[in-house]
There are 2 protein chains.
Amino acid sequence: MQSLYTHTKAAPDAGGTKERIQQVALELFVLHGYEKTSLREIADRLGITKAALYYHYASKQELLKSVTQPLIDEFETMVHADPPPEELLRSYIDLLYRHRAVFQLVANDHSSLAAAELVERSVQLRRDVVRQLAGPDPRPADYVRAAAAFGAISQGFMVARRAEPAADPALPDLEAAAEAAAGLPGPADYPDGAELARILLDAALAVLHSGTGSRGVPGA
Amino acid sequence: MQSLYTHTKAAPDAGGTKERIQQVALELFVLHGYEKTSLREIADRLGITKAALYYHYASKQELLKSVTQPLIDEFETMVHADPPPEELLRSYIDLLYRHRAVFQLVANDHSSLAAAELVERSVQLRRDVVRQLAGPDPRPADYVRAAAAFGAISQGFMVARRAEPAADPALPDLEAAAEAAAGLPGPADYPDGAELARILLDAALAVLHSGTGSRGVPGA
DNA sequence: GTCTATAGGTTGATAGAC
DNA sequence: GTCTATCAACCTATAGAC
């Protein structure tokens with residue numbers, strides 16, 4: 001579960017056209033949103049034409065789906081394994097890191113989730129996560145705290161994400177976009193990935209326990 | 001600061017055409033996103049034509065701006081008053097409640113923020129909020145915790161928002177949208193506004209203090 | 001204050017040559 | 001696999017009648 005810096009993905013520059021299309025598309029989708037990104041824009045950036053895109057992907061929607069699928073699939077697998085709260089939180093942080101670009105897309109661009117026909121699945125997933133975090137026999141307030149803990153990680157991660165030591169070479173412009181979106185002091189001032197994960201985990205656990213009399217949190 | 005249930009806005013049904021346009025536009029913007037909502041759709045829902053809309057608003061963008069302005073203006077005023085962290089958190093929760101529909105729009109629809117030319121201001125605001133929450137002489141980790149606390153409230157609120165005793169009559173369909181977006185047990189199971197505010201405040205404070213040795217939080 | 005009609009532009013997608 | 005050429009659909013916005 002310490003894969004915070006070990007990409008299991010294929011080689012970064014496996015220059016297949018389909019993969020290059022996915023990379024550029026993801027980049028532009030994050031930058032301008034799915035709806036506002038035209039196929040012409042993607043094609044121009046790749047030095048090909050729109051028609052060529054259609055040779056590889058039957059539609060704009062299918063291209064989007066191919067980009068978002070890995071994140072949602074893995075998220076689903078993770079949640080359905082039904083791990084205890086703390087392990088779930090750890091796995092989630094790790095998941096966010098490995099799929100950070102796609103996460104930035106679906107978290108910020110409502111329309112992309114809808115276009116990928118992922119609204120239902122993601123709603124169901126969030127519901128399951130909140131249920132698991134709320135613990136057994138939860139009171140209403142426990143649901144709220146579970147949602148807040150989930151949000152603390154998601155938002156905290158997104159804002160501090162620039163802390164990474166090196167930008168993924170496959171996603172050059174994303175770092176600039178993240179910088180604009182985050183708007184905080186320079187990257188050098190931030191904790192590295194491992195420390196970031198620990199901070200976010202502690203924060204989320206603090207939220208979960210913020211309703212109990214003893215607010216102490218066992219050191220993770 | 002306890003105005004969680006006291007709307008200071010004008011009468012809910014001040015049926016001026018401009019206001020009715022704003023209400024319907026907000027509703028549809030939240031539901032389908034800014035870009036995907038056409039002026040024809042708004043006009044049809046109001047029983048008028050697109051051209052009539054242009055009599056009241058010079059452009060689609062200006063209509064959007066008129067809808068988002070109150071939230072961002074008030075947020076800015078609040079942050080620039082430079083209150084201490086706990087008061088800032090309280091004010092923020094209250095702000096979210098009073099402008100919940102607009103918040104749902106700008107928080108979920110990346111393109112609406114951009115179209116309203118609010119990206120820079122909101123980035124600056126988040127930066128200021130995080131700075132204030134991080135406290136004096138902050139370490140890098142304090143920034144992350146500040147961002148996580150901010151996120152805990154925002155996300156926690158959005159998920160649990162359905163707890164309101166009665167839906168704003170001006171926004172009938174929003175509740176259905178929120179229900180779909182939240183995907184949690186029935187509204188009746190949720191704390192009311194006052195308790196929700198307390199839970200979220202406690203959660204955010206717990207995050208802020210999750211890095212200190214003594215993790216106790218003074219009862220709010 | 002609202003209407004009809006239309007200008008002017010962009011988009012996603014297809015057909016067929018090479 | 002990539003190209004040129006083209007289509008229908010949709011959009012924002014404007015002009016001018018009532």
J.: Go through the structure and list residues passing ring pair (Phe, Tyr, Trp, His ring centres under 6.0 Å) with B:Phe75, not counting sequence neighbours.
T.: B:Tyr92

J.: Could you tell me which residues satisfy side-chain contact (heavy atoms from CB on, under 4.5 Å) with B:Thr77, sequence neighbours excluded, listed by chain and number?
T.: none

J.: Identify all side-chain donor-acceptor contacts of residues 112-120 of chain B below 3.5 Å with residues at least two apart in sequence or on another chain.
T.:
residue  : atom : partner  : partner atom : Å
B:Ser112 : OG   : B:Asp109 : O            : 2.8
B:Glu117 : OE1  : B:Lys65  : NZ           : 2.9

J.: Not counting sequence neighbours, list each pair that qualifies as a ring pair (Phe, Tyr, Trp, His ring centres under 6.0 Å) and has a residue in residues 19-53 of chain A.
T.: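 Counting only pairs at least two positions apart or across chains, the ring pair (Phe, Tyr, Trp, His ring centres under 6.0 Å) contacts touching residues 19-53 of chain A are A:Phe29-A:Tyr34.
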
J.: For the pair A:Lys60 (side chain) and A:Thr37 (backbone), establish whether a donor and an acceptor sit closer than 3.5 Å, ignoring hydrogens and angles.
T.: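 Confirmed, A:Lys60 side chain pairs with A:Thr37 backbone.
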
J.: Can you list everything that forms a salt bridge (Lys or Arg N to Asp or Glu O under 4.0 Å) with A:Glu74? Sequence neighbours excluded, please.
T.: A:Arg98

J.: Can you pull out the residues from residues 32-40 of chain A that lie within a 4.0 Å heavy-atom distance of DNA chain D?
T.: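 Close to the strand, none.
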
J.: Can you list every pair that meets salt bridge (charged side-chain N to carboxylate O under 4.0 Å, His left out) and has a residue in residues 145-158 of chain A, with sequence neighbours left out?
T.: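 Of all non-adjacent pairs touching residues 145-158 of chain A, those that pass salt bridge (charged side-chain N to carboxylate O under 4.0 Å, His left out) are A:Asp142-A:Arg145.
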
J.: Evaluate the side chain to side chain donor-acceptor pair (under 3.5 Å) criterion for residues B:Gln124 and B:Asp128: first the C-alpha distance (whole Å), next the side-chain angles of each, then the deciding distance (0.1 Å), finally the verdict.
T.: CA-CA 6 Å; B:Gln124 180 67 41; B:Asp128 292 342; 3.1 Å; yes

J.: Taking side-chain contact (heavy atoms from CB on, under 4.5 Å) as the definition, give me every residue that meets it alongside A:Tyr54, ordered by chain and number, with sequence neighbours left out.
T.: A:Leu39

J.: Quick one: do A:Asp73 and A:Arg121 satisfy salt bridge (charged side-chain N to carboxylate O under 4.0 Å, His left out)? Show the steps, please.
T.: CA-CA 10 Å; A:Asp73 282 351; A:Arg121 280 174 77 188; 3.0 Å; yes

J.: By a strict heavy-atom criterion of less than 4.0 Å, which residues belonging to residues 51-69 of chain B are in contact with DNA chain C?
T.: B:Ala51, B:Ala52, B:Tyr55, B:His56

J.: Can you pull out how bent the helix from C:dG1-D:dC18 to C:dC18-D:dG1 is, comparing the axes over its first five and last five pairs, to 10°?
T.: 0°

J.: Give the first and the last nucleotide of DNA chain D, reading 5' to 3', that has any atom under 4.0 Å from a heavy atom of chain B.
T.: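 For DNA chain D, the relevant span reads D:dC11 to D:dA15.
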
J.: Does a donor on one side chain and an acceptor on the other come within less than 3.5 Å for B:Gln22 and B:Ser66?
T.: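 Side-chain D/A pair, B:Gln22 to B:Ser66: present.
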
J.: Got a sec, which residues hit side-chain contact (heavy atoms from CB on, under 4.5 Å) with A:Ser38, two or more places apart in sequence or on another chain?
T.: A:Arg40, A:Glu41

